[in-house]
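Numbering starts at 1 and runs along the sequence shown.
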Amino acid sequence: MKAIDEVRQLLGGLDPTRNTGPAEDARHERDLARILSVDRTAGAAGRATPRRRFVLAAAAAGVVAVAGGAVAIGIDRQPQPAYAATPALLDYGPPASAEPASVRLRRLAAVAAAQPMPPRPAGTVEHLESANWFLNSSISGGRTASAVVPQQWESWRSDDDAGRMVRKDLPPIFRSDVDRRQWQKWGGRVDSSREVRDYAAGEFYRGFRGEVPTDAGVLRDWLRAGTSAPPAPVQYLEDVAQLAGIRLLNPAQRAAVLTLLADLPGIAAAGTVTDRAGRAGEAFSITSDAHGLPAQYTVIVDPRTGTLLGYEEMLTTTAGKLNVTIPAVITYRSYLKAEYASMPR
(Lines give C-alpha, C1' and ligand atoms only; values in the text may rest on other atoms or scores of the structure.)
Protein backbone atom coordinates (compact mmCIF):
# COMPACT_ATOMS: atom_id res chain seq x y z
CA MET A 1 0.00 0.00 0.00
CA LYS A 2 1.66 3.12 -1.05
CA ALA A 3 0.66 6.75 -0.87
CA ILE A 4 0.77 8.93 -3.87
CA ASP A 5 2.13 12.07 -5.48
CA GLU A 6 1.22 14.87 -7.77
CA VAL A 7 -0.58 14.10 -11.02
CA ARG A 8 0.71 16.58 -13.53
CA GLN A 9 -0.22 15.69 -17.08
CA LEU A 10 -0.31 17.33 -20.42
CA LEU A 11 -3.52 16.09 -22.01
CA GLY A 12 -3.08 14.70 -25.49
CA GLY A 13 -5.44 15.55 -28.32
CA LEU A 14 -8.40 13.38 -29.16
CA ASP A 15 -6.18 11.53 -31.60
CA PRO A 16 -3.27 10.40 -29.42
CA THR A 17 -0.99 10.03 -32.43
CA ARG A 18 -1.06 13.76 -32.95
CA ASN A 19 1.76 16.03 -31.76
CA THR A 20 0.77 19.22 -29.97
CA GLY A 21 2.35 22.61 -29.62
CA PRO A 22 2.78 24.97 -26.65
CA ALA A 23 -0.73 26.40 -26.95
CA GLU A 24 -2.24 22.91 -26.87
CA ASP A 25 -0.03 21.96 -23.93
CA ALA A 26 -1.30 24.93 -21.95
CA ARG A 27 -4.87 23.89 -22.66
CA HIS A 28 -4.03 20.36 -21.59
CA GLU A 29 -2.63 21.63 -18.29
CA ARG A 30 -5.90 23.48 -17.62
CA ASP A 31 -7.96 20.44 -18.56
CA LEU A 32 -5.98 18.21 -16.24
CA ALA A 33 -6.42 20.62 -13.35
CA ARG A 34 -10.17 20.52 -14.00
CA ILE A 35 -10.21 16.71 -14.02
CA LEU A 36 -8.39 16.47 -10.72
CA SER A 37 -10.50 19.20 -9.14
CA VAL A 38 -13.74 17.46 -10.13
CA ASP A 39 -12.55 14.08 -8.98
CA ARG A 40 -11.37 15.36 -5.62
CA THR A 41 -14.60 17.17 -4.80
CA ALA A 42 -16.99 14.59 -6.21
CA GLY A 43 -15.08 11.66 -4.79
CA ALA A 44 -12.06 11.18 -7.00
CA ALA A 45 -11.63 8.06 -9.02
CA GLY A 46 -10.54 5.10 -6.95
CA ARG A 47 -8.82 2.35 -8.85
CA ALA A 48 -7.64 -1.21 -8.53
CA THR A 49 -5.03 -2.02 -11.14
CA PRO A 50 -5.69 -4.74 -13.73
CA ARG A 51 -3.65 -7.92 -13.95
CA ARG A 52 -0.61 -6.75 -15.89
CA ARG A 53 0.38 -3.43 -14.38
CA PHE A 54 2.41 -1.46 -11.86
CA VAL A 55 1.72 -3.02 -8.46
CA LEU A 56 1.44 -0.92 -5.30
CA ALA A 57 3.92 -2.30 -2.78
CA ALA A 58 3.18 -3.05 0.86
CA ALA A 59 3.88 -0.08 3.08
CA ALA A 60 4.50 -1.86 6.36
CA ALA A 61 4.33 -5.22 8.09
CA GLY A 62 0.75 -6.26 8.81
CA VAL A 63 -0.63 -4.34 5.82
CA VAL A 64 -0.42 -6.03 2.42
CA ALA A 65 -1.71 -4.20 -0.68
CA VAL A 66 -2.89 -6.45 -3.49
CA ALA A 67 -3.51 -5.28 -7.07
CA GLY A 68 -6.66 -6.20 -8.94
CA GLY A 69 -9.35 -5.11 -6.51
CA ALA A 70 -8.26 -7.29 -3.59
CA VAL A 71 -7.50 -5.82 -0.21
CA ALA A 72 -4.79 -5.48 2.36
CA ILE A 73 -5.01 -7.50 5.56
CA GLY A 74 -4.13 -6.12 9.00
CA ILE A 75 -4.75 -7.23 12.58
CA ASP A 76 -6.67 -4.44 14.35
CA ARG A 77 -10.30 -4.76 15.55
CA GLN A 78 -12.32 -1.57 15.52
CA PRO A 79 -15.72 -0.29 14.31
CA GLN A 80 -16.29 0.10 10.57
CA PRO A 81 -15.40 3.58 9.22
CA ALA A 82 -17.39 5.75 6.84
CA TYR A 83 -17.65 4.78 3.20
CA ALA A 84 -14.57 5.43 1.10
CA ALA A 85 -14.42 8.22 -1.46
CA THR A 86 -15.07 7.04 -5.00
CA PRO A 87 -15.64 9.06 -8.18
CA ALA A 88 -18.99 10.28 -9.38
CA LEU A 89 -20.39 7.94 -12.01
CA LEU A 90 -20.08 8.94 -15.65
CA ASP A 91 -23.34 9.91 -17.36
CA TYR A 92 -23.98 7.38 -20.12
CA GLY A 93 -26.46 8.24 -22.87
CA PRO A 94 -28.08 5.87 -25.39
CA PRO A 95 -25.71 3.93 -27.67
CA ALA A 96 -24.75 5.69 -30.88
CA SER A 97 -26.24 2.87 -32.90
CA ALA A 98 -28.85 0.14 -32.50
CA GLU A 99 -26.32 -2.32 -33.94
CA PRO A 100 -24.93 -5.04 -31.69
CA ALA A 101 -21.71 -4.05 -29.95
CA SER A 102 -19.70 -6.48 -32.09
CA VAL A 103 -20.92 -4.84 -35.29
CA ARG A 104 -20.37 -1.31 -33.99
CA LEU A 105 -16.85 -2.14 -32.83
CA ARG A 106 -16.00 -3.48 -36.27
CA ARG A 107 -17.21 -0.22 -37.79
CA LEU A 108 -15.00 1.70 -35.37
CA ALA A 109 -12.12 -0.61 -36.29
CA ALA A 110 -12.59 0.45 -39.91
CA VAL A 111 -12.52 4.10 -38.80
CA ALA A 112 -9.26 3.46 -36.94
CA ALA A 113 -7.69 1.68 -39.91
CA ALA A 114 -8.49 4.64 -42.19
CA GLN A 115 -6.56 7.16 -40.04
CA PRO A 116 -3.21 8.47 -41.32
CA MET A 117 0.01 7.14 -39.87
CA PRO A 118 1.45 9.53 -37.28
CA PRO A 119 4.56 11.45 -38.31
CA ARG A 120 7.72 10.31 -36.58
CA PRO A 121 10.65 12.74 -36.38
CA ALA A 122 14.09 11.18 -36.52
CA GLY A 123 15.50 10.00 -33.20
CA THR A 124 12.17 9.86 -31.37
CA VAL A 125 10.56 7.08 -29.34
CA GLU A 126 7.07 6.19 -28.12
CA HIS A 127 5.98 8.57 -25.37
CA LEU A 128 2.76 8.06 -23.40
CA GLU A 129 1.06 9.68 -20.43
CA SER A 130 -2.04 8.66 -18.52
CA ALA A 131 -3.94 9.67 -15.40
CA ASN A 132 -5.01 6.78 -13.20
CA TRP A 133 -7.05 6.45 -10.03
CA PHE A 134 -7.17 3.26 -7.94
CA LEU A 135 -9.11 2.28 -4.84
CA ASN A 136 -6.79 0.66 -2.29
CA SER A 137 -8.30 -0.96 0.79
CA SER A 138 -6.96 -2.48 3.98
CA ILE A 139 -9.03 -4.88 6.09
CA SER A 140 -8.29 -5.85 9.66
CA GLY A 141 -10.54 -7.46 12.25
CA GLY A 142 -13.69 -6.64 10.30
CA ARG A 143 -12.68 -3.01 9.79
CA THR A 144 -11.86 -1.58 6.36
CA ALA A 145 -9.91 1.57 5.59
CA SER A 146 -9.78 2.73 1.98
CA ALA A 147 -8.03 5.43 0.03
CA VAL A 148 -8.33 6.67 -3.53
CA VAL A 149 -4.85 6.70 -5.02
CA PRO A 150 -4.23 9.02 -8.00
CA GLN A 151 -1.21 8.35 -10.20
CA GLN A 152 0.46 9.62 -13.33
CA TRP A 153 2.16 7.08 -15.56
CA GLU A 154 4.62 8.32 -18.16
CA SER A 155 6.77 6.14 -20.39
CA TRP A 156 9.28 6.28 -23.20
CA ARG A 157 10.02 3.18 -25.31
CA SER A 158 12.53 2.71 -28.14
CA ASP A 159 12.22 0.22 -31.00
CA ASP A 160 14.64 -2.17 -29.29
CA ASP A 161 12.49 -2.27 -26.15
CA ALA A 162 14.68 -0.03 -24.05
CA GLY A 163 13.05 2.80 -22.18
CA ARG A 164 11.97 4.54 -19.04
CA MET A 165 8.83 4.53 -16.89
CA VAL A 166 7.95 7.20 -14.37
CA ARG A 167 5.14 6.82 -11.86
CA LYS A 168 4.23 9.97 -9.95
CA ASP A 169 1.93 9.53 -6.97
CA LEU A 170 -0.47 11.99 -5.41
CA PRO A 171 -1.35 11.75 -1.72
CA PRO A 172 -4.29 9.37 -1.20
CA ILE A 173 -7.78 10.84 -0.96
CA PHE A 174 -9.97 9.87 1.99
CA ARG A 175 -13.63 10.49 2.66
CA SER A 176 -13.02 10.99 6.37
CA ASP A 177 -10.25 11.79 8.84
CA VAL A 178 -11.13 8.52 10.57
CA ASP A 179 -10.10 6.56 7.48
CA ARG A 180 -6.96 8.66 7.11
CA ARG A 181 -5.89 8.02 10.70
CA GLN A 182 -6.61 4.30 10.42
CA TRP A 183 -4.72 4.13 7.13
CA GLN A 184 -1.69 5.70 8.75
CA LYS A 185 -2.00 3.50 11.83
CA TRP A 186 -1.78 0.41 9.63
CA GLY A 187 1.30 1.73 7.87
CA GLY A 188 -0.22 3.36 4.80
CA ARG A 189 1.67 6.34 3.39
CA VAL A 190 -0.02 9.68 2.83
CA ASP A 191 2.87 11.58 1.30
CA SER A 192 4.08 11.97 -2.27
CA SER A 193 6.37 9.69 -4.24
CA ARG A 194 8.02 9.38 -7.61
CA GLU A 195 9.42 6.16 -9.02
CA VAL A 196 11.66 6.00 -12.10
CA ARG A 197 12.60 2.74 -13.82
CA ASP A 198 15.06 2.52 -16.68
CA TYR A 199 15.16 -0.49 -18.99
CA ALA A 200 18.00 -1.77 -21.13
CA ALA A 201 17.35 -3.04 -24.66
CA GLY A 202 14.89 -5.91 -24.66
CA GLU A 203 13.69 -5.29 -21.10
CA PHE A 204 10.91 -2.71 -21.45
CA TYR A 205 7.71 -3.71 -19.66
CA ARG A 206 7.60 -7.50 -19.75
CA GLY A 207 4.57 -8.76 -21.66
CA PHE A 208 4.18 -5.98 -24.22
CA ARG A 209 7.51 -6.15 -26.02
CA GLY A 210 8.15 -5.97 -29.72
CA GLU A 211 5.79 -4.95 -32.50
CA VAL A 212 2.11 -4.91 -31.59
CA PRO A 213 0.26 -7.24 -34.03
CA THR A 214 -2.16 -5.79 -36.58
CA ASP A 215 -4.25 -8.96 -36.84
CA ALA A 216 -6.85 -9.47 -34.11
CA GLY A 217 -6.21 -13.21 -33.77
CA VAL A 218 -2.46 -12.78 -33.55
CA LEU A 219 -2.93 -9.90 -31.10
CA ARG A 220 -5.06 -12.13 -28.89
CA ASP A 221 -2.24 -14.69 -28.61
CA TRP A 222 0.41 -11.97 -28.23
CA LEU A 223 -1.39 -10.40 -25.28
CA ARG A 224 -1.45 -13.68 -23.40
CA ALA A 225 2.03 -14.92 -24.38
CA GLY A 226 3.84 -16.38 -21.39
CA THR A 227 0.73 -16.40 -19.21
CA SER A 228 -1.84 -19.02 -18.36
CA ALA A 229 -5.14 -19.14 -20.23
CA PRO A 230 -7.37 -16.23 -19.12
CA PRO A 231 -10.17 -17.16 -16.71
CA ALA A 232 -12.74 -15.16 -18.69
CA PRO A 233 -13.06 -12.98 -21.82
CA VAL A 234 -12.88 -9.88 -19.64
CA GLN A 235 -9.14 -10.52 -19.21
CA TYR A 236 -8.59 -9.54 -22.85
CA LEU A 237 -10.47 -6.29 -22.30
CA GLU A 238 -8.23 -5.59 -19.30
CA ASP A 239 -5.10 -6.44 -21.28
CA VAL A 240 -6.17 -4.07 -24.03
CA ALA A 241 -6.77 -1.34 -21.45
CA GLN A 242 -3.27 -1.87 -20.09
CA LEU A 243 -1.74 -1.92 -23.57
CA ALA A 244 -3.30 1.44 -24.45
CA GLY A 245 -1.50 3.05 -21.52
CA ILE A 246 1.89 1.55 -22.36
CA ARG A 247 2.24 1.45 -26.14
CA LEU A 248 1.66 3.95 -28.94
CA LEU A 249 -0.76 2.19 -31.30
CA ASN A 250 -0.81 3.04 -35.00
CA PRO A 251 -4.08 2.94 -36.99
CA ALA A 252 -3.76 -0.75 -37.96
CA GLN A 253 -2.97 -1.74 -34.38
CA ARG A 254 -5.93 0.23 -33.04
CA ALA A 255 -8.13 -1.52 -35.58
CA ALA A 256 -6.85 -4.91 -34.38
CA VAL A 257 -7.63 -3.95 -30.77
CA LEU A 258 -11.21 -3.00 -31.62
CA THR A 259 -11.71 -6.14 -33.70
CA LEU A 260 -10.46 -8.25 -30.80
CA LEU A 261 -12.97 -6.53 -28.51
CA ALA A 262 -15.74 -7.14 -31.05
CA ASP A 263 -15.02 -10.87 -30.85
CA LEU A 264 -15.30 -11.11 -27.06
CA PRO A 265 -18.33 -12.98 -25.70
CA GLY A 266 -20.53 -10.74 -23.58
CA ILE A 267 -19.31 -7.42 -24.99
CA ALA A 268 -22.14 -4.85 -24.92
CA ALA A 269 -22.65 -1.23 -25.90
CA ALA A 270 -22.80 0.83 -22.70
CA GLY A 271 -23.76 4.07 -24.47
CA THR A 272 -22.31 7.41 -25.45
CA VAL A 273 -20.40 9.30 -22.78
CA THR A 274 -18.17 12.25 -22.06
CA ASP A 275 -15.05 10.95 -20.35
CA ARG A 276 -13.30 12.50 -17.37
CA ALA A 277 -11.10 14.56 -19.68
CA GLY A 278 -14.15 16.08 -21.40
CA ARG A 279 -13.87 13.99 -24.58
CA ALA A 280 -16.85 12.43 -26.37
CA GLY A 281 -16.73 8.67 -26.71
CA GLU A 282 -18.64 5.43 -27.08
CA ALA A 283 -18.44 2.93 -24.25
CA PHE A 284 -18.33 -0.88 -24.46
CA SER A 285 -18.51 -3.14 -21.43
CA ILE A 286 -18.28 -6.68 -20.16
CA THR A 287 -19.92 -7.58 -16.83
CA SER A 288 -18.09 -10.35 -15.00
CA ASP A 289 -17.33 -11.78 -11.58
CA ALA A 290 -14.15 -13.44 -12.86
CA HIS A 291 -12.05 -11.55 -10.31
CA GLY A 292 -14.37 -12.09 -7.35
CA LEU A 293 -16.92 -9.31 -6.98
CA PRO A 294 -19.40 -8.70 -9.82
CA ALA A 295 -18.11 -5.73 -11.82
CA GLN A 296 -18.58 -3.94 -15.11
CA TYR A 297 -15.38 -3.40 -17.12
CA THR A 298 -15.64 -0.60 -19.68
CA VAL A 299 -13.50 0.90 -22.42
CA ILE A 300 -14.30 4.28 -23.98
CA VAL A 301 -13.54 4.73 -27.68
CA ASP A 302 -13.26 7.94 -29.71
CA PRO A 303 -15.70 7.38 -32.60
CA ARG A 304 -13.77 9.76 -34.86
CA THR A 305 -10.41 7.99 -34.64
CA GLY A 306 -10.93 4.58 -33.02
CA THR A 307 -8.63 5.65 -30.20
CA LEU A 308 -9.11 4.28 -26.67
CA LEU A 309 -9.78 7.26 -24.41
CA GLY A 310 -10.38 5.62 -21.06
CA TYR A 311 -11.10 2.51 -19.03
CA GLU A 312 -12.98 1.91 -15.80
CA GLU A 313 -13.99 -0.87 -13.43
CA MET A 314 -17.25 -0.46 -11.51
CA LEU A 315 -18.67 -2.73 -8.81
CA THR A 316 -22.30 -3.36 -9.69
CA THR A 317 -24.15 -5.35 -7.03
CA THR A 318 -22.00 -5.87 -3.93
CA ALA A 319 -18.84 -4.40 -2.45
CA GLY A 320 -17.93 -7.44 -0.36
CA LYS A 321 -15.83 -6.15 2.52
CA LEU A 322 -14.86 -2.95 0.71
CA ASN A 323 -16.31 0.13 2.38
CA VAL A 324 -17.81 1.67 -0.75
CA THR A 325 -21.39 2.32 -1.83
CA ILE A 326 -22.78 0.48 -4.85
CA PRO A 327 -22.42 1.17 -7.72
CA ALA A 328 -18.80 2.22 -7.19
CA VAL A 329 -16.05 2.98 -9.69
CA ILE A 330 -12.89 1.42 -8.25
CA THR A 331 -10.52 1.92 -11.19
CA TYR A 332 -10.29 4.61 -13.82
CA ARG A 333 -7.65 5.34 -16.45
CA SER A 334 -7.59 8.33 -18.76
CA TYR A 335 -5.19 8.00 -21.70
CA LEU A 336 -3.91 11.49 -22.27
CA LYS A 337 -0.93 11.50 -24.58
CA ALA A 338 0.54 9.08 -27.12
CA GLU A 339 3.12 10.59 -29.42
CA TYR A 340 6.69 10.35 -30.63
CA ALA A 341 9.18 12.33 -28.54
CA SER A 342 12.83 12.32 -27.58
CA MET A 343 14.00 9.91 -24.91
CA PRO A 344 14.76 11.81 -21.68
CA ARG A 345 18.38 11.84 -20.55
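Scanning all heavy atoms of the two residues, the minimum distance from D161 to G210 falls at OD2-N, 2.8 Å. In terms of heavy atoms, A241 sits closest to R333 at O-NH1, 4.1 Å. Nearest heavy atom pair, residue P251 against residue M117, reads CD-SD, 3.6 Å. Across every non-hydrogen atom of A96 and T272, the tightest pair is N-CG2, 3.8 Å.
Judged by distance alone, with hydrogens and angles left aside, the side-chain atoms of R197 form no donor-acceptor pair with the main-chain N or O of V166 at under 3.5 Å. At distances below 3.5 Å, not a single donor-acceptor pair connects side-chain atoms of T274 with backbone N or O atoms of G278. Looking only at distances, no side-chain donor or acceptor of R120 sits under 3.5 Å from a matching main-chain atom of Y340.
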(request) Run the numbers on Q235 and Y297 for side chain to side chain donor-acceptor pair (under 3.5 Å), then give the verdict. (result) CA-CA 10 Å; Q235 183 63 67; Y297 302 80; over 6 Å; no
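For D263, the salt bridge (charged side-chain N to carboxylate O under 4.0 Å, His left out) partners two or more places apart in sequence, or in a different chain, are R106. In terms of the ring-ring contact (aromatic ring centres under 6.0 Å, His included) criterion, residue partners of F204 (sequence neighbours excluded) are, by chain and number, Y199. Residues satisfying the side chain to side chain contact (heavy atoms under 4.5 Å, CB included) criterion with E99, sequence neighbours excluded, are S97, V103, R104, R107.
Using a 4.5 Å cut-off between side-chain heavy atoms of Ile, Leu, Val, Met, Phe, Trp and Tyr, with links allowed through other members, L261 and L219 fall into the same hydrophobic cluster.
A distance of 13.0 Å separates CD of Q184 from CH2 of W186, quoted to the nearest 0.5 Å. Distance check, rounded to the nearest 0.5 Å: OG1 of T124 to CH2 of W156 gives 14.0 Å.
Atom CG of D221 has more than 12 neighbouring heavy atoms from other residues, nucleotides or ligands inside a 6.0 Å radius.
Here R224 pairs with D239 in a salt bridge; the nearest charged N to carboxylate O distance falls below 4.0 Å. The existence of a salt bridge linking E312 and R276 is confirmed by a sub-4.0 Å separation between a basic side-chain nitrogen and an acidic carboxylate oxygen.
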